[in-house]
Amino acid sequence: MSSIFALADCNNFYVSCERVFNPKLIGKPVIVLSNNDGCVVARSEEAKSFGIKMGVPVFKIEDIIKANNILVYSSNYSLYGDMSQRVMNSLKEFVPKIEIYSIDEAFLDLSDFGNYDITKYCREIKKTVEKWTGIPISIGISSTKTLAKIANRIAKKSKKAKGVLDLTENTFHKQALESVGVSDVWGVGRSYSDFLTKSGINNAMQLRDADSNYIKQKMGIEGVRLINELKGTLCYSLEESPPPKKGITVSRSFKTPIKTIDNLSEAIANFISIGAGKLRKEKASSGEVSIFIMTSRFNKEGYYSKSKKYILAVPSNDTSELLSFALKSLREIFKKNCTYKRAGIMFGKIVSEKYVQQDLFDNKNRKRSKKLMETLDKINIKMGTSTIKYAAQGLSGNPGWKPACKRRSKRYTTDWNSLPEVIS
DNA sequence: TCTGGGGTCCTAGGACCC
DNA sequence: TCTGGGGTCCTAGGACCC
């Protein structure tokens with residue numbers, strides 16, 4: 001039996017989320033910015049029509065924003081995360097085998113639905129998700145994930161497809177693949193796109209028919225898989241349960257650069273606290289704590305970037321313990337007279353809490369530590385983040401390391417104080 | 001003035017072993 | 001003068017994704 005994959009993808013997801021709670025935004029040009037209000041990460045169709053590109057720094061398009069009354073929002077990840085869950089839960093009502101691929105995309109395994117009218121069924125899914133969540137989606141269908149991505153792309157753009165396109169039949173492949181530029185193929189980024197174009201390979205069809213030995217030299221095994229997937233040969237199967245995380249990173253750019261070790265320590269302490277909380281949520285411990293600090297990479301003279309890794313004798317998820325290693329590392333790599341623009345922490349060597357190897361000379365009271373962390377997490381979940389925190393995280397109400405998000409919408413779905421008001 | 005953040009996989013090359 | 005070869009493990013860096 002041949003496989004059938006669908007890719008369900010939310011249209012302009014972050015903008016669509018904002019619109020659900022603020023219908024006045026419908027029909028208007030809207031953009032959503034990255035953390036720190038740095039780059040554009042989502043655009044409504046109206047905003048796209050003004051030539052605003054994905055990922056462009058906002059300061060470069062201030063003129064376009066003003067001239068066209070484009071509405072600008074800081075990103076509101078708790079809202080988007082919650083809306084994402086609603087979309088995914090709705091999809092699960094229709095298809096049992098689903099892989100949540102990103103915050104706004106899911107692969108659906110429709111192989112068992114071969115007897116259905118797939119297009120009709122997907123239209124039904126689309127309609128229902130939109131009704132239940134308010135988020136518009138597009139669905140592309142084909143025999144491999146890579147082809148389903150392409151089908152989805154065309155489904156979004158083509159007026160005729162109206163958001164759903166079934167590209168399972170080979171007869172339509174030539175026309176479809178020729179219409180997709182090689183840089184828009186899943187797995188082809190800037191660098192490979194340059195290489196392919198220089199080799200005369202400009203669209204997905206030409207890539208499909210390219211010599212795979214030649215492609216392998218430059219793009220490695222992934223390039224060969226790509227060609228096979230375009231031909232309809234399965235290389236990537238559905239992954240229903242995500243593999244456990246291999247690393248956890250928490251990092252931020254600073255709106256106001258940091259000069260002192262005290263302020264940097266405060267930032268690092270907060271990153272450790274966030275990261276350790278993520279570890280405990282995964283019921284995992286880390287055996288390797290790294291920290292890194294850097295000045296701006298756009299400041300050519302005097303660019304300083306350094307990291308330091310600390311290997312733990314016994315993996316841990318205890319905030320205070322991880323914190324002490326991180327702050328020790330910071331004292332070792334901190335250099336005076338630098339203006340730091342960005343810093344972060346990484347937890348590596350992640351293992352399940354259950355399998356933590358005991359160290360014979362370990363003199364820490366692990367049971368007590370576990371209890372303390374459980375209590376801390378409980379209180380912070382109930383009362384709000386950072387109700388209880390370590391002194392090293394800083395007591396000032398408005399720390400300089402916090403990212404600027406001046407244009408954030410309310411946390412409509414995850415904060416009692418932000419429930420939408422009904423005005424009669 | 002102002003350029004996100006969190007991930008994954010693959011490969012090449014060095015260290016080390018016998 | 002002449003300095004093996006094959007295997008494994010680890011790491012850094014590059015490429016990609018959203």
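Protein chains get the first letters and strands the later ones, always in sequence-line order, with residue 1 at the start of each.
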Could you tell me whether Ile248(A) contacts a base, only the sugar-phosphate backbone, or nothing, with contacts defined as non-hydrogen atoms closer than 4.0 Å?
sugar-phosphate
If you check the Pro57(A) side chain, which of dT3(B), dG5(B), dC17(C) turns out closest?
dT3(B)
CD1-CG distance between Ile215(A) and Leu196(A), expressed to the nearest 0.5 angstrom
5.0 Å
Classify Val40(A) by what it touches in the nucleic acid, base, sugar-phosphate, or nothing, heavy-atom distance under 4.0 Å.
nothing
Counting any heavy atom closer than 4.0 Å, what does Ile221(A) reach on the DNA or RNA strands: base, sugar-phosphate only, or nothing?
sugar-phosphate
Applying a 4.0 Å non-hydrogen cut-off, can you work out what Val188(A) is touching in the nucleic acid: base, sugar-phosphate, or nothing?
sugar-phosphate
Which part of the nucleic acid, if any, lies within reach of Lys218(A) when heavy atoms closer than 4.0 Å are counted: base, sugar-phosphate only, or nothing?
nothing
Quick one: which of dC17(C), dG4(B), dT3(B) gets closest to the side chain of Trp186(A)?
dC17(C)
Between the protein and nucleotides 14-16 of chain B, list every N/O to N/O distance that falls short of 3.5 Å.
none

Counting the benzene-type ring for Trp, do Tyr340(A) and Phe292(A) have ring centres under 6.0 Å apart?
no
Taking the basic N atoms (NZ, or NE/NH1/NH2) and the acidic carboxylate oxygens, is any pair closer than 4.0 Å for Lys328(A) and Glu332(A)?
no
Just the table, please: protein N/O against nucleotides 9-11 of chain C N/O, every pair under 3.5 Å.
none

Using a 4.0 Å heavy-atom cut-off across all strands, classify Glu62(A) as base, sugar-phosphate, or nothing.
nothing
Sugar-phosphate, base or nothing in reach of Val58(A), heavy atoms under 4.0 Å:
nothing
Just by distance, no angles: are the side chains of Asp9(A) and Ser138(A) close enough, under 3.5 Å, to form a donor-acceptor pair?
no
Out of dT8(B), dG5(B), dG6(B), whichever nucleotide has its closest atom nearest the side chain of Arg342(A)
dG5(B)
